[in-house]
Colleague: 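Have a look at the structure that comes next, please.
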Amino acid sequence: MYMTQVRTRFSPSPTGSLHLGGTRTALFNWLFARHHGGVFILRIEDTDRERSEERFVREIKESMLWLGLDWDEGPFFQSERLPIYQEYIQRLLDQGAAFYCDCDPADLEIRKKEAMARGEKPKYDGRCRERGLKAGPNTAVRFKTPLTGTTHWHDKGKGPIVFDNRELDDLVIQRTDGIPTYNFAVVVDDITMGVTHVIRGEDHIPNTPRQILIYQALGAALPEFAHMTVTLAPGGGKLSKRRGALPILTYRDQGYLPQALVNYMVRLGWAHGDQEIFSREELIQYFSLEHMSKSPGVYDEEKLLWLNSHYIKETPLPELARLLRPFLERLDLPASDLGYLAQAAGTLNTRCKTLVEMADAARFYLEEPKSYEEKGAKKFLTSESAANLEEIKKRLAAMAEFSEAALNQLFQDLTAETGLKMVQLAQPVRLALTGKTVSPGLFDIINILGKDEVLKRLNLALDFIYKKQ
RNA sequence: GUCCCCAUCGUCUAGCCUGGUCCAGGACACCGGCCUUUCACGCCGGCAACACCGGUUCAAAUCCGGUUGGGGACGCCA
């Protein structure tokens with residue numbers, strides 16, 4: 001489809017945890033590359049020396065790998081590429097497309113505020129443009145932006161976009177400390193790494209004309225640009241740390257499955273007809289920039305939860321047991337028997353939306369009830385029900401094996417003999433076995449717990465009733 | 001303030017490019033019902049939207065303009 005191989009990149013800055021928004025950008029880039037059999041590059045933009053931290057680099061990588069977003073090249077670090085940027089800066093300086101500037105940042109700030117007050121766009125006034133300054137201790141390098149004309153491109157996500165160059169100013173491309181700034185470093189990196197498609201959040205649209213101008217000054221071919229929508233917080237405004245965005249690894253710790261997160265993120269701002277559920281293969285097969293939506297989407301935790309519960313139901317039991325184990329261990333529950341856990345998980349997978357919920361719901365499978373739900377005990381663990389519990393205990397003890405049919409027969413017989421409804425017989429037993437009024441099917445529980453454990457718990461409940469008198 | 005982007009149910013969206021098949025389809029949530037030993041799951045049904053105004057046209061959710069609203073950007077952050 002494309003003459004050259006597709007090359008995309010994800011370039012987070014390690015100044016914080018990876019959140020949903022950034023990860024969605026990574027996902028789209030990854031999908032586009034995979035769809036076209038191209039290359040996906042990971043590049044760490046750590047030119048902000050103050051705020052970049054190594055631990056965030058690790059977290060970014062861990063988050064991406066958890067989601068299955070593997071990269072083919074990198075991670076590259078901008079901090080290790082300084083000589084390359086300097087070379088390109090020099091080129092611009094030599095050809096007169098950039099100039100040194102020694103304006104005091106504090107002064108610039110004041111001038112900016114004044115411009116704002118006058119109702120003008122706050123931009124650099126170009127005072128060092130023609131001064132012919134040389135390199136010095138307090139000089140930055142600025143790009144000489146054309147004073148007239150327009151800069152335009154055909155955005156793959158938004159369509160044609162035009163900026164009047166007069167809206168732009170002479171942006172700093174190298175700080176006084178010799179480190180390049182974002183807008184310059186990205187361009188040099190994208191050129192030297194052969195990036196063919198720049199897919200990123202629409203908050204970068206205003207940067208694009210500046211970057212295009214730099215490409216042109218450098219005589220480099222332009223990549224395709226595709227700006228995707230940002231994700232909004234439910235209350236309004238862009239989703240951010242302050243506004244509801246959680247680190248990706250927090251989702252993992254809260255018991256979300258990576259497939260659910262991926263499926264959720266891709267459907268925020270992209271669609272393939274009416275389809276809601278996508279396997280990874282389908283995603284790679286169907287993904288295209290043309291079907292991205294143009295308007296921002298609002299983060300909706302309910303839908304994420306729905307997807308998570310869907311994938312929990314889809315997960316084969318042995319696998320689910322393996323995934324559940326760490327969450328049980330976190331609750332100090334004995335979780336070594338994976339076969340047993342798989343059986344338990346089979347009764348919980350339609351009842352829990354996260355692994356955290358499931359671990360909590362599985363508690364009774366791994367330890368006897370320490371107490372009984374108060375309201376339920378009051379209603380069902382009564383002296384009237386004691387006789388029934390005794391009878392059920394007796395009959396269960398006499399059973400050779402716990403089959404679904406046999407258990408059903410036992411309870412059917414009892415309803416016939418006592419004239420009681422099934423609920424009245426079942427709830428006391430449920431309380432006795434689980435401590436709760438809500439649980440998986442009673443026969444399943446009896447079966448999985450096994451005879452010894454069931455009898456033991458029935459006795460415990462009976463003791464509880466007798467002690468109450 | 002200036003510039004840029006956007007506008008279909010509460011939310012995610014299909015449809016819009018190539019006007020009629022759309023009194024607008026799907027999904028989440030919500031509300032009923034069925035199933036049922038509890039709770040879920042599942043199944044069935046319901047509520048609910050083309051922001052507004054003007055134009056083009058025989059015909060507009062679909063094309064054009066404006067208004068309003070939302071979002072983004074204006075850093076020697078990325």
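Residue numbering restarts at 1 for every chain, and letters A, B, ... go by the order of the sequence lines.
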Colleague: Over all strands shown, is A:K112 touching base, sugar-phosphate only, or nothing at heavy-atom distances under 4.0 angstrom?
Modeller: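 Touches sugar-phosphate only.
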Colleague: Counting any heavy atom closer than 4.0 Å, what does A:G269 reach on the DNA or RNA strands: base, sugar-phosphate only, or nothing?
Modeller: sugar-phosphate
Colleague: Please state how far atom CG in A:D107 lies from atom C1' in B:C76, giving the value in whole angstrom units.
Modeller: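 Rounded to the whole Å, the gap is 14 Å.
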Colleague: Where the side chain of A:V423 is defined as all heavy atoms beyond and including C-beta, which of B:U37, B:A7, B:A14 is the nearest nucleotide?
Modeller: B:U37
Colleague: Using only side-chain N and O atoms of A:K353, determine if any of them is under 4.0 Å from OP1 or OP2 of B:A40.
Modeller: no
Colleague: Name the pairing partner of B:U62, where a pair is Watson-Crick or G-U wobble with both distances under 3.5 Å, or state none.
Modeller: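 Partner of B:U62: none found under 3.5 Å.
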Colleague: Do A:Y182 and A:S13 meet the criterion of a side-chain donor-acceptor pair at a distance under 3.5 Å?
Modeller: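 A:S13 and A:Y182 do not have a side-chain donor-acceptor pair below 3.5 Å.
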Colleague: Across all strands shown, which nucleotide pairs with B:U36 by Watson-Crick or G-U wobble geometry, both distances under 3.5 Å?
Modeller: none
Colleague: Using a cut-off of 4.0 Å on non-hydrogen atoms, how would the nucleic acid contact of A:S293 be classed: base, sugar-phosphate, or nothing?
Modeller: sugar-phosphate
Colleague: Please work out if A:P440 contacts a base, only the sugar-phosphate, or nothing of the nucleic acid, heavy-atom cut-off 4.0 Å.
Modeller: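 Touches a base.
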Colleague: Any side-chain N or O of A:T176 less than 4.0 Å from the OP1 or OP2 oxygen of B:C76?
Modeller: no
Colleague: Just do the ring pair (Phe, Tyr, Trp, His ring centres under 6.0 Å) check on A:F143 and A:F184 with the steps written out, would you?
Modeller: CA-CA 9 Å; A:F143 179 73; A:F184 184 74; 8.3 Å; no
Colleague: Return yes if the base of B:G26 and the side-chain atoms of A:E276 contain a donor-acceptor N/O pair under 3.5 Å, otherwise no.
Modeller: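 Answer yes: a donor N or O sits under 3.5 Å from an acceptor.
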Colleague: Please report, rounded to the nearest Å, how far the P atom of B:G75 is from the CG atom of A:D170.
Modeller: 13 Å
Colleague: Report yes if at least one side-chain N or O of A:K303 is closer than 4.0 Å to OP1 or OP2 of B:C12; otherwise report no.
Modeller: no
Colleague: Give one of base, sugar-phosphate or nothing for A:E167, where a contact means two heavy atoms less than 4.0 Å apart.
Modeller: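 Answer is sugar-phosphate: A:E167 comes under 4.0 Å of backbone atoms only.
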Colleague: Under 4.0 Å, counting only non-hydrogen atoms across every strand here, what does A:L442 touch: a base, just sugar-phosphate, or nothing?
Modeller: base
Colleague: Which base sits across from B:A49 as a Watson-Crick or G-U pair, both distances under 3.5 Å?
Modeller: none
Colleague: In terms of side-chain heavy atoms of A:L268, which of B:A78, B:C6, B:U13 is nearest?
Modeller: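 Taking heavy atoms from C-beta onward, the closest nucleotide is B:U13.
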Colleague: Please tell me whether A:Q211 and A:N183 have a donor and an acceptor in their side chains that are separated by less than 3.5 angstrom.
Modeller: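 The answer is yes; a qualifying pair exists.
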Colleague: Let's test your reading of the model: under 3.5 Å, does the base of B:C41 pair with the side chain of A:R351 as donor and acceptor?
Modeller: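 No, the side chain and the base share no sub-3.5 Å donor-acceptor pair.
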Colleague: Between the base of B:A14 and the ring of A:H272 - centre-to-centre under 5.5 Å, planes within under 30° - is that a stack?
Modeller: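 No, aromatic ring not over the base.
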Colleague: Between A:L18 (CG) and B:A78 (P), how many Å, whole number?
Modeller: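 Whole-Å distance recorded here is 18 Å.
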Colleague: With the side chain of A:I161 defined as its heavy atoms from C-beta on, choose the nearest nucleotide among B:C5, B:A29, B:U38.
Modeller: B:C5
Colleague: Between A:E404 and A:N408, is a side-chain hydrogen bond (donor to acceptor under 3.5 Å, both in side chains) present by the stated rule, with each step listed?
Modeller: CA-CA 6 Å; A:E404 168 94 26; A:N408 193 41; over 6 Å; no
Colleague: If you draw the axis of the six-membered ring of A:F77, does the NZ or CZ of A:R81 fall within 45° of it and under 6.0 Å from the ring centre?
Modeller: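 Cation-pi check for A:R81 and A:F77: fails.
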Colleague: With a 3.5 angstrom cut-off on both distances, give the Watson-Crick or G-U wobble partner of B:C28, or none if there isn't one.
Modeller: B:G10
Colleague: In terms of the angle between their ring planes, are A:Y251 and A:Y256 parallel, tilted or perpendicular, with boundaries placed at 30° and 60°?
Modeller: perpendicular
Colleague: Side chains of A:N29 and A:M228: does their closest heavy-atom pair fall under 4.5 Å?
Modeller: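 Result no, sub-4.5 Å side-chain heavy-atom pair not found.
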Colleague: B:U2 pairs with which nucleotide, Watson-Crick or G-U wobble, both distances below 3.5 Å?
Modeller: B:A73
Colleague: What is the pairing partner of B:C17, taking Watson-Crick or G-U wobble pairs with both distances under 3.5 Å in any strand?
Modeller: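 Across all strands, not a single nucleotide pairs with B:C17.
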Colleague: If you check every side-chain atom of A:K313, which of B:C28, B:G42, B:G71 has the closest atom?
Modeller: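 From the listed options, B:G42 comes nearest.
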Colleague: Return the 5'-most residue of the pair A:T229, A:K238 with respect to RNA chain B, ranking by each residue's nearest nucleotide.
Modeller: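 The answer here is A:T229.
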Colleague: Of the options A:R129, A:R142, A:K144, which is the one that meets A:D170 in a salt bridge (Lys or Arg N to Asp or Glu O under 4.0 Å)?
Modeller: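 With A:D170 as partner, salt bridge (Lys or Arg N to Asp or Glu O under 4.0 Å) holds for just one option, A:R129.
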Colleague: Identify which nucleotide among B:U11, B:C6, B:G72 has an atom closest to any side-chain atom of A:P206, counting heavy atoms from C-beta outward.
Modeller: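 Nearest to the side chain of A:P206 among the choices is B:G72.
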Colleague: To the side chain of A:W306, which of B:A27, B:U38, B:G15 is closest?
Modeller: B:A27
Colleague: Looking at every strand, decide which applies to A:G237 at a 4.0 Å heavy-atom threshold: base, sugar-phosphate, or nothing.
Modeller: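 Here A:G237 touches the backbone only, sparing every base.
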Colleague: Report which part of the nucleic acid A:T47 touches: base, sugar-phosphate, or nothing (heavy-atom distance under 4.0 Å, all strands).
Modeller: sugar-phosphate
Colleague: Has the side chain of A:R267 got a donor or acceptor that lies under 3.5 Å from a partner of the other kind on the base of B:U13?
Modeller: no
Colleague: Ignoring the backbone of A:E302, work out which of B:U8, B:A29, B:A78 is nearest its side chain.
Modeller: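 So the side chain of A:E302 is nearest to B:A29.
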Colleague: Describe the nucleic acid contact of A:F443 in one word from base, sugar-phosphate, nothing, applying a heavy-atom distance below 4.0 Å.
Modeller: base
Colleague: Taking atom types as they are modelled, is there a donor-acceptor pair under 3.5 Å from the base of B:A78 to the side chain of A:N207?
Modeller: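 Pair found.
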Colleague: Whether A:T437 contacts B:C39 is assessed here as follows: a side-chain N or O lying under 4.0 Å from the phosphate OP1 or OP2. Is that the case?
Modeller: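 For B:C39, OP1/OP2 do not have a side-chain N/O of A:T437 under 4.0 Å.
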